[in-house]
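Data first, discussion second: the structure below is written as structure tokens.
Protein chains get the first letters and strands the later ones, always in sequence-line order, with residue 1 at the start of each. This is a predicted model, so every value here is computed, not measured.
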There are 2 protein chains.
Amino acid sequence: MQTLCCRSPRSVNVVAWGLCGGYAKRVKQHAAPQTPPETAGYRLDDQIGYVLRRATQRHLAIFSEVIPEVTTTQFAVLARLAEMGAQSQNHLGRATAMDGATIKGVVDRLVRLGLVETAPDTRDRRRLTVGLSAAGRSLFAARVGDAQDISDRTVAALNPAERAQLLELLSRLT
Amino acid sequence: MQTLCCRSPRSVNVVAWGLCGGYAKRVKQHAAPQTPPETAGYRLDDQIGYVLRRATQRHLAIFSEVIPEVTTTQFAVLARLAEMGAQSQNHLGRATAMDGATIKGVVDRLVRLGLVETAPDTRDRRRLTVGLSAAGRSLFAARVGDAQDISDRTVAALNPAERAQLLELLSRLT
DNA sequence: CGCAGATTGTTTGCGTGCAAACACTGTGCT
DNA sequence: AGCACAGTGTTTGCACGCAAACAATCTGCG
């Protein structure tokens with residue numbers, strides 16, 4: 001047999017195979033599904049969490065293809081720093097929706113890449129000021145256009161009104 | 001000074017502070033932002049990737065609060081197995097949008113939790129058949145209702161028509 | 001039959017994400 | 001001044017998620 005419906009050798013994103021349908025051929029050793037068609041009416045494909053994950057996967061795939069130098073979160077940090085200048089690591093984390101442990105990792109990697117610089121805050125010795133380096137500033141400037149293209153490509157299937165609505169609806173979830 | 005606009009001691013999700021606005025007090029050591037208000041018209045908060053990440057964060061927070069026994073991805077695997085019965089790890093990965101390395105990790109953890117069982121496929125010795133255990137079946141049955149509630153809570157801010165539209169728009173991205 | 005090429009599963013390395021525990025510093029109140 | 005409490009940064013542990021490289025197996029085709 002071997003329906004062979006799902007090609008795509010490895011990765012998950014980029015391509016979008018549906019559910020195929022040629023599964024559950026040899027179920028023998030594990031007791032067949034107790035509810036053949038739907039399971040208590042719960043359809044994974046209609047769950048917001050699952051759909052969000054799939055959409056995010058696609059977006060990440062497009063991003064890393066267009067801007068391989070940095071990740072989405074790293075770029076978000078660069079964008080915020082460009083928007084509002086140097087600030088404490090903690091503020092930066094909140095402004096980019098990352099908790100303390102996460103923003104630290106991202107900042108450390110950006111420092112290693114030479115895109116960001118840190119300095120102790122003399123007035124508040126708890127704080128670590130984070131700011132763009134010259135390289136970070138120029139990389140951001142050189143890539144903002146691509147970043148916008150990525151956003152557009154991600155929602156390429158939608159018309160302008162739909163794109164606006166999607167953004168509006170998603171914003172209202174938070 | 002210390003504007004103190006953003007309370008919330010640690011975590012990022014759950015709460016939803018806006019941009020506050022009391023930042024960039026001491027910029028000295030890092031050269032001020034080159035474009036004060038907007039940076040080349042790129043507003044992070046309007047980027048689909050960023051909004052997707054925030055929405056996902058909120059959903060994950062709700063999920064782990066309501067169903068702490070398993071993660072969203074683990075539950076997705078249980079749901080798929082309940083839907084279509086035991087199948088190869090590879091098929092399962094595709095059916096849940098996870099690549100080979102990821103589905104392996106998830107399955108391993110589910111095995112450790114006793115929610116899933118694996119067995120070699122005698123017809124195709126490359127394959128590893130994965131199926132629900134009795135515990136997995138009953139946990140899923142006991143929690144499907146909660147899972148549905150989680151999805152509803154995630155989109156609580158939207159009316160039914162908007163929820164349907166959000167799901168539809170998101171689906172079209174993949 | 002025999003071999004090239006595809007599938008499947010595994011491993012490693014790296015980058016998010018979050019919870020929890022910790023050390024240090026700043027603030028407010030007495 | 002002193003002390004409780006809040007804010008900031010760090011570390012560890014765990015769980016995705018993907019790329020790349022491998023070994024084992026299967027398939028199709030000559």
Most 5' of A:S64 and B:R112 on DNA chain D, judged by nearest nucleotide
B:R112
Cluster question for you: counting only ILVMFWY and a side-chain heavy-atom cut-off of under 4.5 Å, with indirect links fine, are B:L128 and B:M98 together?
no
Sugar-phosphate only, base, or nothing, as touched by A:S88 at under 4.0 Å among non-hydrogen atoms
sugar-phosphate
Could you tell me whether B:T102 contacts a base, only the sugar-phosphate backbone, or nothing, with contacts defined as non-hydrogen atoms closer than 4.0 Å?
base
Flag, side chain of B:Q89 to backbone of B:V107, donor-acceptor distance under 3.5 Å
no
Could B:D108 and B:K104 be called an ion pair, given the rule that one side-chain N must be under 4.0 Å from one carboxylate O?
yes
Side-chain N or O of B:R53 closer than 4.0 Å to phosphate OP1/OP2 of C:dG17
yes
Hey, which of these two, A:A101 or A:Q74, hits DNA chain C nearer its 5' end, going by closest nucleotide?
A:Q74
Can you check whether A:L115's main-chain N or O pairs, donor with acceptor, with A:S133's side chain at less than 3.5 Å?
yes
A:N90 side chain N/O closer than 4.0 Å to the phosphate oxygens (OP1, OP2) of D:dG7?
no
Under the rule for side chain to side chain donor-acceptor pair (under 3.5 Å), what residues qualify as partners of B:D149, not counting sequence neighbours?
none
When Ile, Leu, Val, Met, Phe, Trp and Tyr are grouped by side-chain heavy atoms lying under 4.5 Å apart, directly or through other members, which residues fall in the same group as A:L170?
A:I48, A:V51, A:L52, A:V155, A:L158, A:L166, A:L167, A:L169, A:L173, B:I48, B:V51, B:L52, B:V155, B:L158, B:L166, B:L167, B:L169, B:L170, B:L173
May I ask you to test the B:H59-B:I150 pair for a side-chain heavy-atom distance under 4.5 Å?
yes
Please list, chain by chain and in numerical order, all residues satisfying side chain to side chain donor-acceptor pair (under 3.5 Å) with A:E168, sequence neighbours excluded.
A:R172
Between C:dG9 atom P and B:D124 atom CG, what is the distance in whole Å?
8 Å
Give the nucleotide from the list C:dT16, D:dA15, D:dT25 with an atom nearest to the side chain of A:T71.
C:dT16
Contact list please: residues 103-111 of chain A against DNA chain C, heavy atoms, distance less than 4.0 Å, in numerical order.
A:V106, A:R109
Taking the nucleotide of DNA chain D with the nearest heavy atom to each, does A:L128 or B:T72 sit closer to the 5' end?
A:L128
Rounding to a whole Å, what distance do you find between B:F63:CZ and D:dA15:C1'?
13 Å
Contacts under 3.5 Å, N or O only, protein and nucleotides 2-5 of chain D:
none

Send over the distance from B:Q89 CD to C:dT10 C1', rounded to a whole Å.
9 Å
Nucleotide D:dG7, atom C1' - distance to CZ of A:R123 in whole Å:
18 Å
Atom-to-atom span, CD of B:E65 to P of C:dA19 - whole angstrom
11 Å
Measure the distance from CE on B:M98 to P on C:dG9 and round it to the nearest whole Å.
14 Å
Donor/acceptor link under 3.5 angstrom from A:R126 side chain onto base of D:dG7
yes
Is B:Q57 close enough to C:dG17 that one of its side-chain N or O atoms is under 4.0 Å from OP1 or OP2 there?
no
Contacts satisfying ring-ring contact (aromatic ring centres under 6.0 Å, His included) that involve residues 60-81 of chain A (not counting sequence neighbours) are A:F63-A:F75, A:F75-A:F140, A:F75-B:Y42
Round to the nearest Å and state the distance from B:L92 atom CG to C:dG9 atom P.
10 Å
Between D:dG7 (C1') and A:R127 (CZ): distance, integer Å:
8 Å
B:L113 side chain reached by B:Q74 side chain, heavy atoms, under 4.5 Å:
yes
